[in-house]
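Some notes on the structure that comes next.
Keep in mind that the numbers below use all heavy atoms, side chains included, and drop hydrogens, waters and symmetry copies.
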Amino acid sequence: VQLLHLYELHGHGSTIFDRLRHRGPDWSGIHSFEDCYLAHQRLAIVDPTSGDQPLYNEDKTVVVTVNGEIYNHEELKAKLKHHKFQTGSDCEVIAHLYEEYGEEFVDMLDGMFSFVLLDTRDKSFIAARDAIGICPLYMGWGLDGSVWFSSEMKALSDDCERFISFPPGHLYSSKTGGLRRWYNPPWFSESIPSAPYDPLLIRESFEKAVIKRLMTDVPFGVLLSGGLDSSLVASVVSRHLAETKVARQWGNKLHTFCIGLKGSPDLKAAKEVADYLGTVHHELHFTVQEGIDALEEVIYHIETYDVTTIRASTPMFLMSRKIKSLGVKMVLSGEGSDEIFGGYLYFHKAPNKKELHEETCRKIKALHLYDCLRANKATSAWGLEARIRRDLGRMEKWVLRNAFDDEKKPYLPKHILYRQKEQFSDGVGYSWIDGLKDHANAHVSDSMMTNASFVYPENTPTTKEAYYYRTVFEKFYPKNAARLTVPGGPSVACSTAKAVEWDAAWSKLLDPSGRAALGVHDAAYEEEKAPASVDPVLENAFHPPAHGESTLVKSAVPAAALQPFSV
């Protein structure tokens with residue numbers, strides 16, 4: 001969904017619209033009203049024949065462009081019996097909900113989404129993003145007073161003087177001119193919950209979360225790394241696929257996908273899980289050189305210079321291209337579980353339950369800057385949609401492992417259910433990260449590092465790998481506003497900066513790899529050889545500057561609304 005100023009469409013040899021075409025190769029749509037424009041690049045997942053966007057209410061006075069899926073759209077339609085729907089799209093319900101309830105309808109939506117809605121009756125508009133930030137959204141301001149929205153930063157970087165990552169769980173209203181939070185769950189205060197542990201409730205919630213994401217009219221699959229989360233997703237899908245609409249359309253054999261260097265830990269574990277579940281498994285290989293060759297394109301698409309995000313996005317980017325070539329348009333992934341259940345290895349060092357819980361809250365609040373960003377943009381680069389779950393002296397994630405430890409009807413082989421956490425960028429093969437560091441060392445000199453704080457005073461890179469990624473990022477996104485969309489701060493094994501304080505030894509081993517969790521990871525770095533790396537991981541990730549499909553929206557002075565999205 002893109003808001004475009006028509007006389008400014010052309011720049012750098014292509015239109016702004018074209019910059020987001022990779023996100024939605026199936027259809028392009030645009031709506032103009034006076035000086036407001038909404039444009040949309042569609043990846044058709046639900047109702048591919050009639051659900052083209054923008055979408056409208058009955059008399060077309062309300063126009064909306066949406067990136068994402070609304071899982072409870074049938075339930076919501078039942079509340080709107082006097083409304084006439086024009087398409088089978090799950091997203092059309094947004095226009096009718098606005099007509100019925102005004103701006104206060106967003107918390108009725110169960111789904112992953114970002115959207116911009118224009119009310120032509122008073123030329124007002126709203127923009128909103130889902131609770132966790134699964135679907136990307138950026139907001140920008142032009143010197144001429146215009147307001148822009150886009151699924152990706154690349155559509156705003158030329159025309160906007162300032163732009164930010166639109167905060168998850170928020171709504172922007174042109175009537176008030178500001179952002180307000182629509183998502184206010186009890187956990188957001190980070191107070192320790194008092195509910196007792198209920199393994200069956202966790203299992204039931206997990207299964208429901210997976211099943212509702214099987215809403216698709218096109219071929220789909222599961223990204224299977226052989227780790228706990230993706231393996232459980234594959235297991236749950238295998239159990240329930242036969243009873244779904246998609247099985248009647250495309251068959252009840254589940255396709256699973258894994259990528260790695262030959263002989264990598266993930267390839268081995270994923271094949272075991274696929275054999276156990278009886279899936280049609282696709283094992284994809286890449287070499288370190290192939291990954292290095294793709295780095296610039298990856299950084300262009302994912303729009304970050306964060307070290308661990310780039311490490312993990314590159315194999316995911318390569319895998320997505322191959323998956324799309326097979327005709328698959330949607331995949332399920334297991335993102336989010338590590339943040340909710342304390343799955344990263346550094347959680348072993350949490351000094352008490354209060355700090356562990358607060359860290360999980362910080363990690364969930366920052367998901368839109370890391371794993372959600374990676375999963376969405378690395379897949380959308382090839383017009384593939386990734387759907388992410390955000391549900392809910394022991395091993396990491398013991399509460400989840402125990403919930404699915406069913407002796408009578410096992411979900412997974414026991415050794416897979418209790419496999420140690422392996423970060424994706426490690427699991428594809430340990431030599432991947434080693435190869436990236438060698439490549440950076442060959443391109444970044446010691447004198448460049450000596451002067452890094454002068455060249456990059458904000459989020460100064462502290463390793464040659466980080467410096468290399470930063471130079472590539474700045475080539476594509478040179479504005480200061482772009483730099484500020486990327487978080488910073490020290491990290492160990494994907495921790496926040498606050499959690500680095502849990503172990504004094506970690507200050508000497510600031511690397512986002514899970515192997516930096518000394519004394520925890522089975523193949524941890526040797527302490528004396530540990531790389532001194534800082535990977536920016538945001539502590540205050542949820543607070544945007546100021547007050548803060550592909551969709552791009554720009555509204556001209558005085559703004560109305562257009563938004564760019566791509567699914």
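Taken from CG in Asn67 to CD in Glu69, the straight-line distance is 8.5 Å, to the nearest 0.5 Å. Atom CZ of Phe163 is separated from atom CH2 of Trp141 by 11.0 Å, given to the nearest 0.5 angstrom. Here CD1 of Ile132 is found 12.0 Å from CG of Asp371. Values are rounded to the nearest 0.5 Å.
Evaluation of the side-chain hydrogen bond (donor to acceptor under 3.5 Å, both in side chains) rule for Ser325 yields no partner, not counting sequence neighbours. Shown here are the salt bridge (charged side-chain N to carboxylate O under 4.0 Å, His left out) partners of Lys79, two or more places apart in sequence or in another chain: there are none.
In summary, Glu359 and Lys498 do not engage in a salt bridge, as defined by a charged side-chain N under 4.0 Å from a carboxylate O. Here Asp158 does not pair with Lys479 in a salt bridge; the nearest charged N to carboxylate O distance is not below 4.0 Å. Using a cutoff of 4.0 Å between basic side-chain nitrogens and carboxylate oxygens, Asp306 and Arg470 are not scored as salt-bridged. Salt bridge annotation for Arg181-Asp107: absent, with no cationic side-chain nitrogen under 4.0 angstrom from a carboxylate oxygen. Between Glu335 and Lys363 no salt bridge is recorded (no basic side-chain N to carboxylate O distance below 4.0 Å). Using a cut-off of 4.0 Å between Lys/Arg side-chain N and Asp/Glu carboxylate O, Glu190 and Lys365 are scored as salt-bridged. Salt-bridge check for Glu92 with Lys77: failed, with every basic side-chain N at 4.0 Å or more from each acidic carboxylate O. Salt bridge Glu303/Lys154: present, at least one basic N to carboxylate O contact under 4.0 Å. Taking 4.0 Å as the cut-off between side-chain N and carboxylate O, Glu465 and Arg311 count as a salt-bridged pair.
Partner of His96 under the ring pair (Phe, Tyr, Trp, His ring centres under 6.0 Å) criterion, out of Tyr56, Tyr101, Phe85, Phe105: Phe85 alone.
Of the possible donor and acceptor atoms, one in the side chain of Asp130 sits under 3.5 Å from a partner among the backbone N and O of Cys135. Side chain of Ser491 to backbone of Ser495: a donor-acceptor contact under 3.5 angstrom is found. Listed for the Thr120 side chain is a donor-acceptor partner under 3.5 Å among the backbone atoms of Thr61. With hydrogens and angles ignored, the 3.5 Å screen pairs a side-chain donor or acceptor of His443 with a backbone N or O of His439. Asn72 contributes a side-chain N or O that, together with a main-chain N or O of Asp110, makes up a donor-acceptor pair within less than 3.5 Å.
Using modelled atom types, one finds no donor on one side chain facing an acceptor on the other under 3.5 Å when comparing Trp187 with Ser189. Glu296 and His301 share no donor-acceptor pair across their side chains, judged by distance under 3.5 Å alone. Checking Asn57 against Tyr98 by side-chain atom types alone, no donor-acceptor pair falls below 3.5 Å. A side-chain donor-acceptor contact under 3.5 Å links His83 and Glu100.
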Problem - Audit row: Tyr456, Tyr467, ring-ring contact (aromatic ring centres under 6.0 Å, His included) steps and yes/no - result: CA-CA 9 Å; Tyr456 302 120; Tyr467 192 105; 5.4 Å; yes
Exercise for the section: Assess whether side chain to side chain donor-acceptor pair (under 3.5 Å) is satisfied between Ser447 and Asn451, documenting all intermediate values. Expected result: CA-CA 6 Å; Ser447 61; Asn451 295 305; 5.6 Å; no
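Counting non-hydrogen atoms of neighbouring residues, nucleotides and ligands closer than 6.0 angstrom, the CD atom of Glu161 reaches no more than 12 such neighbours.
Cation-pi geometry between Lys329 and Phe220 is not met: the NZ or CZ atom fails to fall both under 6.0 Å from the ring centre and inside 45° of the normal.
A centroid separation of 6.0 Å or more is found between the aromatic rings of Tyr183 and Phe188. Aromatic ring centres of His40 and His31: separated by at least 6.0 Å. For Phe476 and Tyr300, the gap between ring centers is short of 6.0 Å.
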